[in-house]
Every structure is written in C-alpha cells, then in structure tokens.
Amino acid sequence: MRLYNTLTKRFEELKLGKTVKMYVCGITAYDYSHIGHARTFVFFDVLRRYLEYKGHNVIYVQNFTDVDDKIVRRAVEEGKTQGEISRIFISEFLRDMSKLNVRRPNYMPKVTDHIRDIINYVERLIELGYAYEVEDEHGCDVYFHVPSFEGYGKLSGMSLDELNRHRIEPNPKKRDVKDFALWKSAKDEDFKANAVFDSPWGYGRPGWHIECSVLSSKYLGVPFEIHGGGRDLIFPHHENERAQSFAIFGVEPVKYWIHCDFVTIGGEKMSKSLGNIVRIRDFPDGEVLRYFLLTAFYRSPLDYSESSIERARRSYNYLRNTLLNLDMEISALRTFGIDRDGVGFDALRHLRDFELAMDSMNTPNALSIFHSLARDVNRNLYVMSLSELEECFRIFTTFSSILGLFEGYERIPTLPKDILELVKEREVARMEKDFERADRIREKLKERGIILIDTPKGTRWMTKHF
RNA sequence: GUCUCGGUGGCCGAGAGGCAAGGUACCCGGCUGCAACCCGGAGCACGGCGGUUCGAGUCCGCCCCGAGACUCCA
C-alpha cells in the first residue's frame, strides 16, 4: 500500500508484516459525535478491512479519553460526575459507529482504567530527566520539558522558533513555553466532578496526550506500524505523543502517521467550537452517510451540503439497485432452471482495478470502479450465464464488504413450486392483458413477502424493499 | 507571520509523465399495462506565468486564491 506519512511528508510504500498494529485516537467523551468524527473512523475502518482483505492480521486499538477539561466542565454544569458524562457519550459513540457499519476495534481502552499505567509512565519520564514537577495548591503538576527532547517539531513540521510563539499566556511556572502537562493537580471543579485520582503528586488527573502514549505502547508495544487520527491532532497532540513515547522507549515509536482531512461545511471546518456540526445521530441513513464519506480522498477536505448528500444518496441507490438486479436475475435463473451461453464477462478486471485504487486508499476511485462494475452488470444482465452472474455477485460483495456497504443485505431465495405457479399464472394473465388478475396475484404475493418486478425478460422478484 | 494541504466540467470528485475516471444536474432517445429498476446518446474542465521533457493535470520555481495548524478539536 502507498499512503502519505505525515512524519516524512511524502507518500510511502508501506512495508508491513503479517501482523499490522494500528492505533487511532478516539474521542473525548463530552458530547455527541458529528460527521467529522465519522469521517475519520470510517476511513480507518476501511483501511483495517482492506488490510485484512489483503491477508494481514490487524490489531486495532482506539482509546476513549474519559477524563479531561471539557468533560469536567460539562459534568459540573450538569451536576453530574465525570464518569456519568463520559459513560453517556461513550455509549452514544458506539451506537453511532454501529449505525455507520464501523467494526469494533480489538481494544477500546479508557483512560480512567489505566491511571496506574499513566502514573508509572510519568514517573519514568521524570527519572529519565524529560519531565519535572511544579508545586500547585492541591499537589504538583508534572510537565514534559520539550527542549530535553531533540526531535521535537518533526511531525508537525514546525521549528522550535515558531513553537516559541504562543497565543495564550503560558503558566509562568513552566521552564519553557513549549512544555506541556503530563499530570495536572486537582482543581475545585475536578473534586466536584469526581475526576481526581491519587498519585505521587497528590490528587490530580492525567494531562491530555499522555494517555495515547501509554495505551498504544501497552496494547501494541513500540514501535507499531500505523497511527491515525484527524488532521487537527497533528499538533499538539501527536507531536507531544511522539515526544513522550520516543523519550521513554528511545526509538521512533510509529512507522506511519496517517491523517484524515476535515469535513467542512460551506468551506469551513466542521467543529464544535464553530457550532456548525451535524451529528451522526441526527442523520437518517448510516450507509448513505458512510458512502458520502468515502466519496472524497482521505487527504482532501470533504464539503457537507444537502446537495452533496443527495448526490451520494443517488449514487448509493444505483449500486444498491444493481445488487438487487443481479441477485434477482440469479434467483430467477435458478428458479426457472435455465442458463445461458454467457458473454465472456471479465469481472476480475474490475477487481484488479479496485485493488489498485485501494492500495492508496483512494476510495473515490474505488467507488468509480464499483460503478463501472455496476454499469457492466446492468448492461449484460440478461445475457450473462449463471456462473458469470455469480462471479459478478461475488466481486460485488467483495467490494461492498471492503467498503462496509450493504451490510444488511439478504439474498433473494429461489421460489418454491406453489409460488412459481402463481408467477407463471400471472404471466399468462398479463399476456392476455387481464391486468386486474395480474395485479391481484401480485398483491397476494406481496402479502407473502414477495415483491414482483416485471422486466423485458420476464417477471423477477425480491423479498423486501430496500 | 511560520508551517501543512488544496485549486480539474453547471456542481461533486479521481488522476501512478503517455488518448482527462466516475457520479450528479440539464437536454435527447430507448425499455414499459401499471409499478420499480435499467440502457443508449449528446454536451461540458486541468487557477496564472515560466522551466525540465519527445511528451506535464502529473515533476521544479515563482505568483494568485482557498482551507487548516500554531488555542480545545476527528
């Protein structure tokens, strides 16, 4: 595969063994997830599916940040605890992901279940001379000292000079403006939200960034192959995470840093702070949303609008209708017990093209190949042999399972004799232009869950409206 | 200001130096008892200026425009 590595700033041929370890930063559980989150997790879900399709054993870890400033703030506002707030939004997130056909990662660790690991890690950073303690009213803060780590800035492409500029007033107790918190001593609101943990530095809670270093190394070891997330995480989150992990383990912790671009709306980034979000839970059809998210290359922004969604819906419907047409034809040939000579249909050609597109995770291109297959299928629907139709069906479902579409599809059965008799009876009625009788039979079969469709080549059927 | 990523048809959006995918919209036609699909045709594009090359949307340089990061973010 060939993907853009943020660390080296170029497209690289991925050198992967049988096992591929992948970590993707999960959500901070303080609000409902929106379409921007959906994009990132759908993308990495497709990457995972494709790697598995190529025969890799993927170990996929995605954390939940369930203790953090924003969670505490919301908890205090609503008179709840940090645990209550994060529990709500973690379960909402899981619901959203299953609506989008995103498969569960192998591990989804929560920060609060790993406080001990985090403390050990912070202690180790202090011992190694990368971190220092600063007294505060309820205990100590611990900061990572950025100048002690030589390669800082490499991931985000920023020089130390640039990083010395700052927009907000830094805490004067820090030794350097770039230093960031590993451990934050408890404030009044933290006690109120029950978001405090005992530590060698008194009551407090982990800083943002440290959890990902700890959880990735704990579940995957170091180094691991793929680290992903949205583009907005490159700085400071991933820069800091890399610094922490490199400091502890003494090696480049991640081989390939992969980042997704944003979902925009009216050309602007969709984000909670701008208040222009569309929640996943408010979107009516998960698969259409998933399809939409795959229509742009992962490194380009994707603009959300009513009309772009509408276009995605139509494209999606075309593929879905083709799947039905294909399956209806297979079921009809089987039921009638007939076959045809075939046309020498080359479905494998589409598969090769599809893999070529997917090797660079070019999902819009992959969708375009998918559409060519569909067009070819529709053109040749009534001339392909049964084995050709089945070959197409197999490739069609290979595409859809890699992309995670049409997951609930149920195959159309061959008809039992008594129903087939009714279908034949109706054909006779239609031939005699007795449409009243034909419609009666159609209605009768509909009550038994069979929907009849008339084609130029005879009557076909399906079992449910999609 | 520094850094990163972009700029391709009416719109969305691929493009791996060698005939510019695919989708949608509009128009025309076919299929059709009804219904649901589907098929064919036509039209339509590489931000600008240089350079490298037999050949550049693709590589290099400069410029213009847009988005983002530098502050919580997927």
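Only a predicted model underlies this, so the values are computations on that prediction, with no experimental measurement involved. A note on names: the letters A, B, ... follow the listed sequences, proteins ahead of strands, and every chain is numbered from 1.
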Would you say [X] reaches [N]'s phosphate, i.e. side-chain N/O to OP1/OP2 under 4.0 Å?
X	N	value
A:Arg231	B:rA69	no
A:His371	B:rG22	no
A:Asn321	B:rC38	yes
A:Asn325	B:rC37	no
A:Ser300	B:rA14	yes
A:Tyr318	B:rC39	yes

Please classify the nucleic acid contact of [X] as base, sugar-phosphate, or nothing, using heavy-atom distances under 4.0 Å.
X	value
A:Ser156	sugar-phosphate
A:Arg74	nothing
A:Gly36	base
A:Ile234	nothing
A:Val263	base

In whole Å, what is the span from the [atom1] atom of [X] to the [atom2] atom of [N]?
X	N	atom1	atom2	result
A:Lys269	B:rG66	NZ	P	19 Å
A:Tyr298	B:rC5	OH	P	12 Å
A:Leu381	B:rC37	CG	C1'	10 Å
A:Arg311	B:rG9	CZ	P	13 Å
A:Arg379	B:rG22	CZ	P	9 Å
A:Asp232	B:rC70	CG	P	8 Å
A:His259	B:rA74	NE2	C1'	10 Å
A:Lys9	B:rG6	NZ	P	13 Å

For this session: For nucleotides B:rG6 and B:rG13, find the distance between their C1' atoms and express it as a whole number of Å.
Result: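 Per the computed distance, 13 Å lies between those C1' atoms.
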For this session: Determine the interatomic distance between P on B:rC5 and the same-named atom on B:rC59; round to the nearest Å.
Result: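 That atom pair is separated by 12 Å.
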I want to know whether [X] and [Y] have ring centres closer than 6.0 Å.
X	Y	result
A:Phe336	A:Trp461	yes
A:Phe93	A:Phe41	yes
A:Phe149	A:Phe246	yes

Go through [options] for me and flag the one nearest to the [X] side chain.
X	options	result
A:Phe297	B:rA74, B:rC38, B:rG15	B:rG15
A:Met158	B:rC70, B:rA16, B:rC5	B:rC70
A:Ser368	B:rC34, B:rA14, B:rG22	B:rG22
A:Phe235	B:rA14, B:rG33, B:rC70	B:rC70
A:Tyr4	B:rA14, B:rU4, B:rA35	B:rU4

State whether a side-chain donor-acceptor pair under 3.5 Å links [X] with [Y].
X	Y	value
A:Glu12	A:Tyr256	no
A:Tyr316	A:Arg290	no
A:His238	A:His209	no

For this session: Can you run down the ring-ring contact (aromatic ring centres under 6.0 Å, His included) pairs that involve residues 265-290 of chain A, sequence neighbours left out, and say none if there aren't any?
Result: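 Not a single pair qualifies under ring-ring contact (aromatic ring centres under 6.0 Å, His included).
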Exercise. Taking 4.0 angstrom as the limit, do A:Arg205 and A:Asp68 come out as a salt bridge?
Worked result: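 No, this pair does not count.
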Exercise. So, are A:Arg426 and A:Asp454 salt-bridged, with charged N and O less than 4.0 Å apart?
Worked result: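 Here A:Arg426 pairs with A:Asp454 in a salt bridge, since their nearest N and O are under 4.0 Å apart.
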Side chain [X] and base [N] donor-acceptor under 3.5 Å:
X	N	answer
A:Asp439	B:rG33	yes
A:Asp454	B:rC34	yes
A:Arg442	B:rC34	yes
A:Arg299	B:rG13	no

For this session: Kindly write out the residues that satisfy salt bridge (Lys or Arg N to Asp or Glu O under 4.0 Å) with A:Asp136, not counting sequence neighbours, or none if the list is empty.
Result: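 Applying salt bridge (Lys or Arg N to Asp or Glu O under 4.0 Å) to A:Asp136 gives A:Lys173, A:Lys187.
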Exercise. How does RNA chain B look in dot-bracket notation if pairs are Watson-Crick or G-U with both distances under 3.5 Å, crossing ones as [ ], other-strand ones as |?
Worked result: (((((((..(((.....[...)))..((((.......)))).....(((((..]....))))))))))))....
Problem set entry | pi-stack flag for A:Phe435 and B:rG33, centroid dist under 5.5 Å, interplanar under 30° |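 Yes; by the centre-distance and plane-angle rule, A:Phe435 counts as stacking on B:rG33.
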For this session: Could you say whether A:Leu367 or A:Asp376 is positioned toward the 5' end of RNA chain B, judged by the nucleotide with the nearest heavy atom to each?
Result: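 Looking at RNA chain B, the more 5' nearest nucleotide goes with A:Leu367.
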